[in-house]
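Values below: every heavy atom of this structure, side chains too, minus hydrogens, waters and symmetry copies. Every chain is numbered from 1 and lettered A, B, ... according to where its sequence line falls, protein lines coming before strand lines. Nothing here was measured: the structure is a model prediction, and the numbers come from that model.
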Number of protein chains: 2
Amino acid sequence: MTTTNSLGYEELGSAAQRDRRKRILDATIALASKGGFDAVQMRAVAERADVALGTLYRYFPSKIHLLVSGLAREFEQANSNFDRRPIPGDTPHERVMYVLGRTTRSLQRDPNLTEALTRAFMFADASVANEIHVVGMHVTKLMIRAMQDQESPIEDIVPTEDDIAIAKVIGDVWLSSLVQWVTGRASAQDVSKSMDVAVRLLLR
Amino acid sequence: MTTTNSLGYEELGSAAQRDRRKRILDATIALASKGGFDAVQMRAVAERADVALGTLYRYFPSKIHLLVSGLAREFEQANSNFDRRPIPGDTPHERVMYVLGRTTRSLQRDPNLTEALTRAFMFADASVANEIHVVGMHVTKLMIRAMQDQESPIEDIVPTEDDIAIAKVIGDVWLSSLVQWVTGRASAQDVSKSMDVAVRLLLR
DNA sequence: GGAAATTCTAGAACGTGTTTCTGTTTTGGG
DNA sequence: CCCAAAACAGAAACACGTTCTAGAATTTCC
């Protein structure tokens, strides 16, 4: 395995280390939210998190690892809501659009942060595979959950091959649209419309 | 308009300038093909193209502009074939898969080059809008062409709203898949499978 | 053909991601 | 408690994208 991992929350021994990790990610998110990808400068993150530059690199082997790890944490927090309540809507189409709409709006509320995280995600190479995989799983799971009947408990869900395939395609389109939005090549409306079209075509 | 354009082939006055531009793009493609995104270093491109660094930046205002312009040229060359012969296949599905299969295989034959061009494309921001648009048009047009009846001449084709939407969705999925492939997160087979699923779902 | 404007060259210089080095602090096992 | 190992701080140094400057070469225009 040639992947160079970020230090995960669980494999950090002491409380001081978990705290450092948290401070680093907090600083990352704060800087990203203020000025986007370019504002997340490693020296600035280190200073703000009150750690040395070398320490920052011990925890996250590159700026991309750092940002993608930040994305994973944000995504987890933001979507924990969907795990509790059933997703409103009578059809898979409606429910998927509901989830996409909510999440997209939430992302668009903090454009700088979204820009930073999305670009890091798209720029990540194989060495970031683990961190990327975490995020990808979140997305796919969320889509599949929205497609299922909301009455049955989560554990009982056995998605078909097609369900998974559809969920992945929707995820791909979503990501492409977001990239176009954060890079200023598409408007927020364009994103909604793209997603609507894709979901309409896929879930029928 | 805040976009900083690359100097296009047509708006270059003298033959010497067109030749410089060509040398620069040739050097870019050669370096990319040899070592991928990281190997396309501006100093190396300038040296290989036998121009000064400042001149390189006069022709292409950033590394991303340079690579996306290279992508546009490559795409144009590689796909001029499809404009001449009719695309084989009895159904839109078959024809689109034929085009995607051929193009994807051709990209996978030169992984370093594909990696360099794809990552540049994904990282491009609004200032590269013009160059990006050229590439996007190529893709969409190619998809639409594959979806149409191959008997009728190209000029007569009037794609429906839905055709365009579908073409764009396929383009998005294709791009996402390629990104996953160049970043080592998906195999060549995964790309084929993704595309097959997406096309099957969309063209039915 | 000559002057002015533009383009090009060569190279220094700057900013930020990344690496490396040295010395100090913290940690964990005996 | 002590010591070796690991982790950390602080700072210098390096790499590459990008910018800037001064002068040489080329083009444009009268």
(request) Starting from P on dG17(C), measure out to CZ on R119(A) and report it in whole angstrom. (result) 13 Å
(request) Would you mind reading off the distance between R21(B) atom CZ and dT7(C) atom P, rounded to a whole angstrom? (result) 16 Å
(request) For L56(B) and dC8(C), give me the distance from atom CG to atom P, rounded to whole Å. (result) 12 Å
(message) Does the structure place the NZ or CZ of R119(A) under 6.0 Å from the centre of the six-membered ring of F123(B), at an angle of no more than 45° from the ring's axis?
(response) yes
(message) On DNA chain D, compare the nucleotides closest to A16(B) and R43(B); which residue's is nearer the 5' end?
(response) R43(B)
(message) Nearest to the Q41(B) side chain among dC16(D), dC8(C), dT16(C), which nucleotide is it?
(response) dC16(D)
(request) Calculate the interatomic distance between R23(B) atom CZ and dT9(C) atom P; express it in whole Å. (result) 8 Å
(request) Ignoring the backbone of Y57(A), work out which of dT18(C), dG17(D), dT7(C) is nearest its side chain. (result) dT18(C)
(request) Please determine if a side-chain N or O atom of Q17(A) lies less than 4.0 Å away from the OP1 or OP2 oxygen of dA6(D). (result) no
(request) Could you tell me the separation between the OH atom of Y59(A) and the C1' atom of dG17(C), rounded to a whole number of Å? (result) 21 Å
(message) Considering every strand and a 4.0 Å limit on heavy-atom distances, what is the contact class for R20(B): base, sugar-phosphate, or nothing?
(response) sugar-phosphate
(request) Answer yes or no for R185(A) and F121(B): cation-pi contact, defined as NZ/CZ to six-membered ring centre under 6.0 Å and angle to ring axis within 45°. (result) yes
(request) Answer yes or no for K63(B) and F37(B): cation-pi contact, defined as NZ/CZ to six-membered ring centre under 6.0 Å and angle to ring axis within 45°. (result) yes
(message) Measuring from the side chain of R58(A) (C-beta onward, heavy atoms only), which nucleotide among dA9(D), dA7(D), dT19(C) has the closest atom?
(response) dA7(D)
(request) Can you tell me the distance, in whole Å, between the NZ atom of K63(A) and the C1' atom of dC16(D)? (result) 14 Å
(request) Using the side-chain hydrogen bond (donor to acceptor under 3.5 Å, both in side chains) rule, pick out the option among R21(B), Q17(B), R23(B) that qualifies with D19(B). (result) R23(B)
(message) In this structure, how many angstroms lie between the P atom of dA7(D) and the CG atom of D19(A), rounded?
(response) 17 Å
(request) Among D110(A), T114(A), T28(A), find the one that has a side-chain hydrogen bond (donor to acceptor under 3.5 Å, both in side chains) with S33(A). (result) D110(A)
(request) Could you pick out which residue, M42(A) or G54(A), lies toward the 5' side of DNA chain C when each is mapped onto its nearest nucleotide? (result) M42(A)
(message) Does V40(A) reach a base, just sugar-phosphate, or nothing at all? Heavy atoms under 4.0 Å.
(response) sugar-phosphate
(message) Rounded to whole Å, how long is the line connecting atom CG of D50(A) with atom P of dA9(D)?
(response) 8 Å
